[in-house]
Number of protein chains: 2
Amino acid sequence: MTDSWVNSAEILGSDLPLELSGTGNRRALLMNALREAVRSGRLAPGTRLPPYRSLAADLGLARNTVADAYAELVAEGWLAARQGSGTRVAERAAPVTPVHRPRTPERAVRPVHDLVQGQPDPSVFPRTAWLASARRALAAAPDDAFGPGDPHGRPELRRALAGYLARVRGVRAAPDRIVLCSGAAHGLRLLAEVVGGPWAAEAYGLPFHRELLASHGVGTRPLGVDADGARVDGLTRRDRAVLLTPAHQFPTGGPLHPARRAAVVDWARATGGLVVEDDYDGEFRYDRQPVGAVQGLDPEHVVLVGSVSKSLSPALRIGWMVLPQRLVAPVVAAKGEREQFSSATEQLTLADFIESGAYDRQVRRMRQRHRRRRDQLVAALHARAPHVRVTGIAAGLHAVVELPPGTERSAVRAAAWQGLAVEGLGDYLHPGAEDASRGPRASRAHRAGAAGNADAVRAAGPADASLVPHRDGLVVGYATPAESAYPEALDALCRALPPAAPLATPPAATPVSAPPPPPAAP
Amino acid sequence: MTDSWVNSAEILGSDLPLELSGTGNRRALLMNALREAVRSGRLAPGTRLPPYRSLAADLGLARNTVADAYAELVAEGWLAARQGSGTRVAERAAPVTPVHRPRTPERAVRPVHDLVQGQPDPSVFPRTAWLASARRALAAAPDDAFGPGDPHGRPELRRALAGYLARVRGVRAAPDRIVLCSGAAHGLRLLAEVVGGPWAAEAYGLPFHRELLASHGVGTRPLGVDADGARVDGLTRRDRAVLLTPAHQFPTGGPLHPARRAAVVDWARATGGLVVEDDYDGEFRYDRQPVGAVQGLDPEHVVLVGSVSKSLSPALRIGWMVLPQRLVAPVVAAKGEREQFSSATEQLTLADFIESGAYDRQVRRMRQRHRRRRDQLVAALHARAPHVRVTGIAAGLHAVVELPPGTERSAVRAAAWQGLAVEGLGDYLHPGAEDASRGPRASRAHRAGAAGNADAVRAAGPADASLVPHRDGLVVGYATPAESAYPEALDALCRALPPAAPLATPPAATPVSAPPPPPAAP
C-alpha cells in the first residue's frame with residue numbers, strides 16, 4: 001500500500017481535481033499528475049494552466065516547485081509557454097491515450113421507409129406550445145414541486161387528467177384514483193406486481209406487454225379475437241386480470257362489441273377479476289366520436305392505463321392509471337416511497353398543456369393528419385392492389401392490410417427488399433395461440449410465465465380459439481414517417497404486396513385451434 | 001346481457017362521449033345519458049349543450065327526438081333553456097353525485113422544523129436558468145429526440161456528463177460508458193439485477209439502499225466504518241460488489257482514506273468484485289477541493305453512480321452510472337429495449353444546463369450556501385452546547401452531531417417535542433451490525449436477503465466490526481430548510497440536545513461486536 005496523499009487544484013475557475021499521490025518529491029508528483037491529466041484527456045490540448053502562484057497555493061506547494069514542474073514539462077513537450085498567454089497544454093502533447101472506447105454496436109441501419117406501427121411522427125412534436133406550458137408551469141409551481149415527489153404524482157396533473165379523461169374518454173376518475181407512471185409499460189409492471197397472475201390477454205397483442213408481464217411473474221393466456229374484439233366469454237375464474245384494448249383492438253383494429261363490454265364487466269364483478277383497459281389510442285377515431293372507455297362502466301373493476309406516448313411523444317415518459325379504490329394504496333406502495341421516475345417539471349408542464357387547451361389542439365391536429373394518412377393508404381391500395389383490403393375501424397396510428405392466405409411472410413420479406421420496415425400480423429400473435437395450432441409442445445408463454453402460473457397457462461389454453469381464423473396481414477403504422485417520406489413509403493408498400501394471383505399455391509388458411517376450455521370453476 | 005348500442009356526440013368542440021345504451025326508445029336513452037352525464041359531473045352546471053341539429057346528426061337521431069329530450073330535461077330541472085344562449089346544464093341541476101372519494105390518509109403532518117438529511121432547499125431551484133436551458137434544448141433538439149428513446153440515454157447528455165465528471169470528479173468516462181437512469185435508486189436496482197449478490201455495504205448507510213437491494217434479491221453484509229471510512233480490509237471473495245460512499249462516508253462524514261481507496265481497487269482486481277461508488281454529494285466540499293472519485297483509479301472495476309438529486313433537485317429524476325466496459329451492455333439490457341423512464345426533454349435540458357455553465361454556477365452557489373449553513377450549525381453548538389461536537393469533514397448537505405453515549409434516542413424524542421424532525425445515527429446502522437452487538441439471533445439483513453445469499457450473510461458477518469464503536473449522534477441535514485426557517489430549526493436542535501451532564505447514567509458505550517471474519521478464501 002502506498003503512503004499516498006492527495007490534493008487538488010482549481011484550473012480555470014472550474015474544478016479540476018489534480019491528485020498528487022505517492023511519497024516522492026513534490027515536483028515529481030506534480031509532474032506525474034499533470035502528465036496523467038494530459039494523457040487521460042482530462043486536460044485537453046490548448047487548456048490554460050493556472051499561474052504558478054495560485055496552483056501552488058491550492059496544492060500547498062512552494063511556488064518554485066510549481067514553476068520547476070511547468071518548466072520541465074515544457075521541456076518534455078507536454079506543455080507550451082507562450083509570452084503573454086501563460087502556460088497551456090501543448091497542442092501536440094504526447095498523444096492522448098483515450099479511455100478505451102470499444103466499438104459499441106450501432107443501432108441497426110434504419111431502413112429507408114418505416115411503416116412499423118407505434119409512434120407518431122417525431123417531427124410534429126409541438127415544441128413551442130410545450131415550452132410555453134413549461135414556462136407557465138415553472139413560474140406557477142410551488143416550491144415543494146422541487147423537493148422529493150409523492151409517488152401518486154403531482155396533484156396538478158392528476159386534476160387535469162381527471163377532467164380530461166372524463167370529458168374525452170368517459171372515464172370516471174377522481175384525481176385521487178389516478179396514479180402517474182412513466183408510461184403504459186411501467187403501469188403494467190406495477191399492476192403485475194400488485195395483482196399477480198395469471199392474466200388473460202388478447203391472442204393478438206403487443207409481444208412487449210406479454211414479455212413484460214412474464215418477466216414480472218405473470219403468465220398470460222390467450223383469448224380469441226374476432227371481428228367483435230376479444231372473446232371475453234372465454235374468461236374464467238382462474239384469470240386474475242384480463243388485458244384488453246377495447247377502443248381499438250391492437251393490432252387487428254376492431255372495437256370491442258358493446259355486449260362484450262358489458263360481459264367483461266360482469267365477469268369482473270362475478271369473479272373479482274380485474275379488467276386492465278389499455279387505452280393506447282382512444283383519442284384517435286376518424287369516422288365518428290370515439291367510444292368511451294370501459295372504465296366508465298365500472299370504475300371499481302376496471303383499471304384504465306394511458307399515456308401521452310401516442311398522442312404527443314413517447315419521449316416524455318408520462319403515463320397514468322385510473323384505479324379502483326382498493327388498488328390505489330397497493331400500487332402506490334409498489335411504486336415506492338417517493339417518486340423515483342417521473343420528473344415533476346414534466347408533470348407540471350403536461351398539466352398546463354392539458355388545462356390550457358394545447359393538448360386538445362394537438363390531438364385534433366394529429367387526428368386530421370392520421371385520418372389523411374389512412375385515407376391515402378386506402379386510396380393507394382385501392383388503385384394499385386385492389387385484391388387486398390384495409391380492415392378494422394378508421395382509428396389510431398395503424399391499419400391492418402389483409403393479405404391472401406399464406407403470403408404474409410413473403411410480403412414482409414419483399415418489403416425488406418424494398419427498404420421498407422413493416423411487420424406482419426403474425427408478429428403479434430400470442431405464442432400460446434400460435435403453438436396451439438401447431439401441436440402440443442410447450443408454448444413460449446408457458447415457458448416465459450412464472451413457474452407458479454405455468455399450470456394455469458397450460459390447463460386453460462386459449463378460449464374457444466378455434467373461432468380465431470389465422471389471418472395473414474401487414475400491420476401498417478402510417479403515423480411515423482415525415483410528411484415528405486410518406487408517399488414513397490406507400491409506394492414501397494404497394495410494390496411489396498403479393499400479386500393478385502399468388503405465385504405459389506398458398507397453404508390452406510390455418511385455423512388457430514386449441515383444446516376446448518376447461519369446465520368453468522363452480 | 002343487454003342488447004345495447006352506443007353512440008357519442010361532440011359537445012362544445014370538445015369530445016364528450018355521450019353513450020346511448022339499451023333497447024328503450026331513443027328519447028329515453030338520450031335523456032338517461034344526459035342525466036348520467038350531469039349526475040357524474042361530466043357535464044358541469046352551466047355547460048352549453050349542442051344545438052338539436054348537430055347532436056341529432058352526431059348521434060344518428062331524429063332532430064325532434066333531441067328536441068323532445070331537451071324539453072323534458074328542462075321540465076325536470078336538469079337543463080335550462082335561455083333565450084339566445086341555447087340550452088345549458090342547469091346551475092341547480094340534481095345534486096352531483098361525485099365519484100366515491102375516500103379519505104386518503106394525508107401525509108403525516110409535517111413537523112415545524114425539518115433537519116432530516118437528504119434534500120436541498122426546494123426554494124432555491126434555479127427556475128429561470130432551467131427554463132432558459134429548456135428553451136435552447138427544445139430549439140436545438142433533433143426530431144428523433146421526440147421518438148422512442150435509446151435506453152443508454154441521450155448522447156447530448158452523456159457527452160456533457162463525461163466532460164463534467166472528468167473535470168470535476170476526476171472520473172474517466174467516455175460517453176459510451178455512461179448509462180442514464182432516473183436516479184441512484186434506479187441505478188442500484190439495475191446493478192443488483194446485473195451483478196447479483198451478495199454485496200458488502202458500509203455498516204452505516206442509507207437503509208433505503210439496503211432495502212432496495214434486498215428487494216432485488218441482493219443481501220448486504222456490513223463493513224465496519226471508522227474515522228478513515230469503510231474497513232475495506234474486511235472484503236472477501238464472496239462479495240460480488242461493495243457499496244461505498246468514498247468522498248464523504250454517509251452518514252458518518254469522513255472521506256475514505258487514500259490507502260483504502262487503493263485497497264478496495266486491489267480487492268476488485270484480485271477478485272473480480274465490483275466497487276459501486278455512490279458519489280451522492282461529491283461536489284460539495286467546503287474546506288478544500290473535493291477528492292476525485294475512486295472510479296478514476298480503475299474505470300474497469302468501479303461503477304460511479306450519481307444524480308442531480310442533491311446538487312439540483314430530486315424532482316428531476318435524472319441520474320447516471322459510469323460503467324466498466326463489460327457492464328454497459330448488460331445494464332442497458334436490464335433497463336429495457338427502449339427508454340422507459342427518463343424524459344428526453346429533461347435530459348436535453350440538463351445537457352444544456354451543464355454545457356452552458358449554469359450547473360457549475362448553481363453548484364457553486366449551493367456550496368457557499370451549504371458551507372454557511374454548516375458554519376452556523378457549528379457556531380450555534382459551540383455557543384449553546386459546547387459538550388457536543390460536529391464530526392466529519394466540512395462537506396455535503398448534512399453533519400453528524402456526536403452525542404454523549406446513550407443519549408441519542410432521548411435526543412431524537414426531545415427534538416420531536418420541539419417540533420423538530422431529525423434522525424439519529426442509529427437509524428442508519430446496518431441491521432446486521434446492530435444485531436451482531438446484541439447476540440446470535442438472525443439479523444434483519446439476513447432475513448431480508450435472498451435465500452441464496454443467506455449463508456454468505458450469516459457466515460461472513462461484519463468485517464472486524466468490533467473496531468466500530470457504537471456511536472450516539474444526530475444526523476443533521478442543514479440544507480433543506482428555507483433561509484428564514486433555519487435559525488429557528490437550529491434553535492430547536494439546541495434545545496433538544498442532552499445537557500452537559502446526562503441526567504441518567506448512560507449505558508457503557510456498546511461496541512458493535514461480531515464474530516471474527518472467516519478465513520479468506522484461497
Side-chain angles (χ1 to χ4, degrees), chain A residues 1-2 4-6 8-10 14-17 19 21 40 42 99-102 104 119 122-123 125 127 131 134-135 138 143-149 166-168 170 172 174 176 182-183 185-186 258-259 262-263 289-292 299 313-317 325 340-344 346 360, chain B residues 1-2 4-6 8-10 14-17 19 21 40 42 99-102 104 119 122-123 125 127 131 134-135 138 143-149 166-168 170 172 174 176 182-183 185-186 258-259 262-263 289-292 299 313-317 325 340-344 346 360:
Chain A
M1 213 90 65
T2 52
S4 62
W5 62 284
V6 293
S8 60
E10 189 176 48
S14 15
D15 300 326
L16 177 117
E19 293 196 7
S21 54
S40 69
R42 281 164 52 205
V99 176
H100 174 60
R101 249 177 208 274
T104 44
Q119 314 302 334
S123 73
F125 183 79
R127 302 185 190 208
L131 187 66
R135 184 170 52 241
L138 276 165
D143 282 342
D144 75 6
F146 302 101
R167 179 164 59 79
V168 173
R172 291 199 273 164
D176 55 16
S182 73
H186 188 203
Q289 290 301 314
V291 177
S313 164
L316 297 176
R317 308 315 312 149
Q325 177 55 34
Q340 289 175 36
F341 299 106
S342 301
S343 153
E346 292 287 65
D360 276 4
Chain B
M1 213 93 60
T2 52
S4 64
W5 62 284
V6 293
S8 61
E10 189 175 47
S14 18
D15 300 325
L16 177 118
E19 294 196 8
S21 54
S40 68
R42 282 163 52 204
V99 176
H100 173 61
R101 251 176 206 275
T104 44
Q119 315 302 335
S123 74
F125 183 79
R127 302 184 189 209
L131 186 66
R135 185 170 52 242
L138 276 166
D143 282 343
D144 75 4
F146 302 102
R167 179 163 59 78
V168 172
R172 291 199 273 163
D176 56 14
S182 73
H186 188 202
Q289 291 300 316
V291 177
S313 164
L316 297 176
R317 309 315 312 148
Q325 178 54 35
Q340 290 176 36
F341 300 106
S342 300
S343 153
E346 292 286 65
D360 277 4

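Sequence lines set the chain letters: A, B, ... in the order given, protein chains first and strands last, and positions in each chain run from 1.
- Of all heavy-atom pairs spanning B:Pro314 and A:Pro148, the tightest one is CG-N, 3.6 Å.
- Between B:Pro122 and A:Gly147, the shortest heavy-atom distance links the atoms CB-N, 3.7 Å.
- Here the closest non-hydrogen pair linking A:Phe341 and B:Arg317 is O-CB, 3.2 Å.
- Every side chain to side chain donor-acceptor pair (under 3.5 Å) that A:Ser343 has, sequence neighbours left out, goes to A:Thr345, B:Glu346.
- Under the side chain to side chain contact (heavy atoms under 4.5 Å, CB included) criterion, B:Arg127 pairs with A:Ala141, A:Asp143, A:Phe146, B:Phe125, not counting sequence neighbours.
- Contacts of A:Gln340 with chain B are made by both backbone and side-chain atoms, with heavy-atom separations under 4.5 Å.
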